[in-house]
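Contents: one structure, followed by commentary.
Source: prediction; values computed, not measured. Each chain gets a letter, A, B and so on, in the order the sequences are listed, and its residues count up from 1.
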Protein chains: 2
Amino acid sequence: MAMKALSKATIYQVAQLAGVSIATVSRALRDSDLVTAQTRERVQAAARQLNFTPSRLGRSLAEGRHAANGIVFPDLVGPYYAEVILGYEAAAAGFGSSVLILATGGRDDAEAAVRELAGRVDGLTVMGQTVPDEVITSLAVPVVALARDPVPGVDTVRARNARTAKNLVEHLLEHGHRRFTFVGDPDIAPDVRGRWDGVRQALSQQQEPPHLVRTPGLDLEAGEQAALQPGRAVVCANDEIALGVLLAAEKAGLRVPEDLAVTGWDDLLAARFAGLTTVRQPMRELGATAARWLHRRITEDTDVPAAPRRRVLATQLVVRRSCGIHSPEVHR
Amino acid sequence: MAMKALSKATIYQVAQLAGVSIATVSRALRDSDLVTAQTRERVQAAARQLNFTPSRLGRSLAEGRHAANGIVFPDLVGPYYAEVILGYEAAAAGFGSSVLILATGGRDDAEAAVRELAGRVDGLTVMGQTVPDEVITSLAVPVVALARDPVPGVDTVRARNARTAKNLVEHLLEHGHRRFTFVGDPDIAPDVRGRWDGVRQALSQQQEPPHLVRTPGLDLEAGEQAALQPGRAVVCANDEIALGVLLAAEKAGLRVPEDLAVTGWDDLLAARFAGLTTVRQPMRELGATAARWLHRRITEDTDVPAAPRRRVLATQLVVRRSCGIHSPEVHR
DNA sequence: TTGAAAGCGCTACCAT
DNA sequence: ATGGTAGCGCTTTCAA
């Protein structure tokens with residue numbers, strides 16, 4: 001009767017089967033030059049026969065490192081976080097590091113969860129509005145802040161918000177729009193705050209300041225709920241809100257962009273099909289950069305920690321129909 | 001000068017500071033009734049002072065469990081996997097289990113990566129076409145298969161494909177369509193295979209069998225490349241392909257649905273704005289179910305393993321404009 | 001080249 | 001109620 005050799009075999013059993021000490025097994029299975037070819041062979045055979053895989057726990061405990069790192073994000077809705085995480089995971093894999101994820105959205109014990117996570121990893125990437133700065137600085141592992149306001153002493157990676165938002169509004173001004181509404185809550189995320197700041201900057205010389213409509217979330221529904229007035233340019237915190245606004249406008253019989261100009265942020269696939277003017281972010285690159293920086297921190301000489309780094313990745317305006325009527329050339 | 005009390009404190013230091021043994025510390029910080037209120041207090045104070053957090057490694061090694069599980073997926077593009085993973089993470093968190101992720105897409109050592117991951121977790125959820133069955137059955141931890149053909153002895157969770165695809169085609173038949181094209185590669189994923197099967201079943205009584213256009217991927221580009229002929233109903237393996245087809249149709253001057261009917265699968269946000277008829281899957285529920293089942297396996301009495309479970313979650317046809325002209329009532 | 005043994009930080013059993 | 005201590009599985013000196 002065939003037995004399923006579900007490992008759980010330990011280094012001791014391999015040692016015994018191969019007739020050597022566990023030290024030799026450990027070496028044979030990893031080092032090179034400290035073991036005879038013969039011995040190595042014998043050990044490997046034994047290991048194979050027992051379907052032996054070294055215990056990560058034992059190994060990590062002995063080595064003093066997890067060979068894993070974590071990423072904390074508010075939620076995973078929409079392609080934004082997914083893309084960031086994918087870029088992160090790919091880069092981390094390149095360093096031989098596993099990735100743990102933690103979504104704080106809808107969790108009341110976010111801080112505890114982050115602390116617990118910190119105990120499982122060599123370093124942590126923390127995104128946006130997930131936990132307060134104090135938590136970050138009190139962690140015992142290196143941290144990289146992603147899409148988050150700079151934290152003292154912590155590396156920070158962000159996408160450009162304010163400047164591109166300014167460009168966006170200037171584009172709308174060129175279209176002749178003068179009355180602006182911003183939909184979204186600047187306090188919900190640093191990214192949104194930056195966009196709102198850019199909008200205000202762009203309009204600081206204008207007669208009428210932008211009107212702010214705070215929404216509870218960043219989703220379709222938030223956009224659908226937003227009260228609409230014809231003749232305004234509606235700059236939304238993200239694409240989902242903008243798409244909600246589009247839906248509401250249609251329902252209200254308002255034409256876009258004739259009666260109402262609308263813009264989003266993120267360049268979701270849906271934005272393309274809705275003809276939504278928006279802004280594209282280098283999502284994967286955000287994640288990959290964070291992973292790389294974190295790895296640098298983890299492996300750096302802790303006696304001489306480098307000064308905290310800051311990087312702002314460029315974002316790109318994507319002009320489509322919803323911001324106003326364009327000249328002959330077709331924008332898509 | 002204030003010192004940053006970056007923990008790395010061990011249970012021994014806490015014990016010493018509190019003037020007790022490590023056993024007492026361990027108890028005071030977790031158990032209840034085995035420690036005086038006084039002692040507990042003293043220990044907690046010491047722990048706080050040293051910013052002590054028990055080492056997960058030490059704890060896991062002693063307890064013989066990771067309190068973590070993993071999910072393996074091909075890629076993270078599109079909202080599908082992101083949603084599944086979110087549902088998974090949320091459910092796992094409910095069990096106090098951390099989540100490790102592994103994307104096999106674009107990795108040549110997928111099998112090794114999965115084995116490595118298996119060493120870090122108490123159980124694993126494996127999605128779709130990531131690694132061969134042999135790998136799954138040879139792992140030393142419980143596995144749940146998700147969106148994957150059943151593996152002997154392994155719990156399987158899937159979404160309904162064939163039957164809903166059949167319904168979809170029948171709907172198209174009611175519209176009067178008789179010539180069908182399926183775009184996507186059934187060998188790329190069990191889900192796609194199931195949809196293709198359903199299409200063929202639905203047309204088994206028809207004169208003309210469906211035409212299969214195999215695409216290299218499941219993305220927009222795949223759909224854009226697909227050669228189009230007017231007068232056909234184009235059933236796509238997923239929404240992204242379908243949206244690509246829509247784009248190509250527009251470019252070719254074909255009207256949808258008049259010249260070409262198109263359907264997708266997944267009900268992306270973009271599908272709504274493109275008026276695409278599609279199928280909705282319970283993505284979060286898929287993930288959550290897998291997490292629950294895995295937890296059951298992990299905690300079950302291993303002497304009496306329950307028979308493998310199978311579940312197929314219902315999917316829902318979402319009729320919009322792209323499948324044909326509908327009667328007066330507006331479908332959206 | 002190989003073995004013995006000391007940790008790594010914790011839990012849990014056995015005494016007291 | 002508390003302390004002592006034997007593991008958990010591995011890596012890595014230190015000797016031989």
Side-chain angles (χ1 to χ4, degrees), chain A residues 6-44 46-47 50-68 96 115-116 118-122 140-141, chain B residues 6-44 46-47 50-68 96 115-116 118-122 140-141:
Chain A
L6 286 195
S7 77
K8 296 306 179 197
T10 75
I11 199 174
Y12 290 94
Q13 305 175 32
V14 178
Q16 180 168 26
L17 182 58
V20 298
S21 76
I22 61 164
T24 300
V25 173
S26 178
R27 286 190 278 253
L29 262 33
R30 178 150 15 68
D31 296 332
S32 311
D33 335 316
L34 287 42
V35 162
T36 323
Q38 282 192 13
T39 314
R40 173 186 317 282
E41 201 112 328
R42 204 141 39 88
V43 170
Q44 287 178 338
L50 294 173
N51 189 19
F52 170 73
T53 311
S55 150
R56 256 295 8 144
L57 252 24
R59 192 202 284 224
S60 289
L61 193 55
E63 286 180 340
R65 60 178 225 122
H66 297 268
R115 292 193 187 285
E116 146 77 21
R120 302 179 161 271
V121 296
D122 301 318
V141 295
Chain B
L6 285 195
S7 77
K8 297 307 177 197
T10 75
I11 198 173
Y12 289 94
Q13 305 174 31
V14 178
Q16 182 168 24
L17 182 59
V20 297
S21 75
I22 61 164
T24 301
V25 173
S26 178
R27 286 189 281 253
L29 263 32
R30 182 152 14 69
D31 295 332
S32 313
D33 334 318
L34 288 40
V35 162
T36 323
Q38 283 192 11
T39 312
R40 173 188 316 282
E41 201 113 327
R42 205 141 38 86
V43 169
Q44 288 177 338
L50 295 173
N51 190 18
F52 169 73
T53 312
S55 149
R56 262 266 45 121
L57 253 24
R59 193 204 280 225
S60 289
L61 194 54
E63 287 182 339
R65 61 178 223 123
H66 296 267
R115 291 193 188 284
E116 146 77 21
R120 302 179 160 271
V121 296
D122 300 319
V141 295

- Query: So, does the side chain of B:Y12 form a donor-acceptor pair with the base of C:dC10 at under 3.5 Å?
  - Reply: yes
Measure the distance from [atom1] on [X] to [atom2] on [N] and round it to the nearest whole Å.
| X | N | atom1 | atom2 | result |
| --- | --- | --- | --- | --- |
| A:L34 | C:dG3 | CG | C1' | 13 Å |
| A:E116 | C:dC10 | CD | P | 13 Å |
| A:E63 | C:dA6 | CD | P | 21 Å |
| B:L57 | C:dT11 | CG | P | 12 Å |
| A:L61 | C:dC10 | CG | P | 9 Å |
| B:R27 | C:dC10 | CZ | P | 15 Å |

- Query: Counting any heavy atom closer than 4.0 Å, what does A:T39 reach on the DNA or RNA strands: base, sugar-phosphate only, or nothing?
  - Reply: sugar-phosphate
Main-chain N/O of [Y] paired to [X] side chain as donor or acceptor, under 3.5 Å:
| X | Y | value |
| --- | --- | --- |
| B:D122 | B:A67 | yes |
| A:T36 | A:T39 | no |
| A:S55 | A:L57 | yes |

- What is the 5' to 3' range of DNA chain D, first to last nucleotide, that sits under 4.0 Å from any heavy atom of chain A? D:dG9 to D:dT13
- From OG1 (A:T53) to CD (B:E116), nearest 0.5 Å: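 A:T53 atom OG1 to B:E116 atom CD measures 9.5 Å (nearest 0.5 Å).
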- Message: Return whichever of B:V25 or A:R56 has its heavy-atom-nearest nucleotide of DNA chain D closer to the 5' end.
- Response: B:V25
Indicate whether OP1 or OP2 belonging to [N] is found under 4.0 Å from a side-chain N or O atom of [X].
| X | N | value |
| --- | --- | --- |
| B:S26 | C:dT11 | yes |
| A:T24 | C:dT2 | no |
| B:R59 | C:dT11 | yes |
| B:S55 | C:dG9 | no |

- Message: We want to know whether A:S26 and A:R30 form a side-chain donor-acceptor pair, criterion being a heavy-atom distance below 3.5 angstrom.
- Response: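 Yes, side-chain donor-acceptor contact under 3.5 Å.
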- Message: Using every non-hydrogen atom in the two residues, find where A:I11 and A:I22 come nearest and quote the distance to one decimal.
- Response: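 That closest heavy-atom pairing would be CD1-O, 3.5 Å.
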- Message: I want to check something: taking the side chain as every heavy atom from C-beta on, are B:R56 and B:H66 in contact at a cut-off of under 4.5 Å?
- Response: no
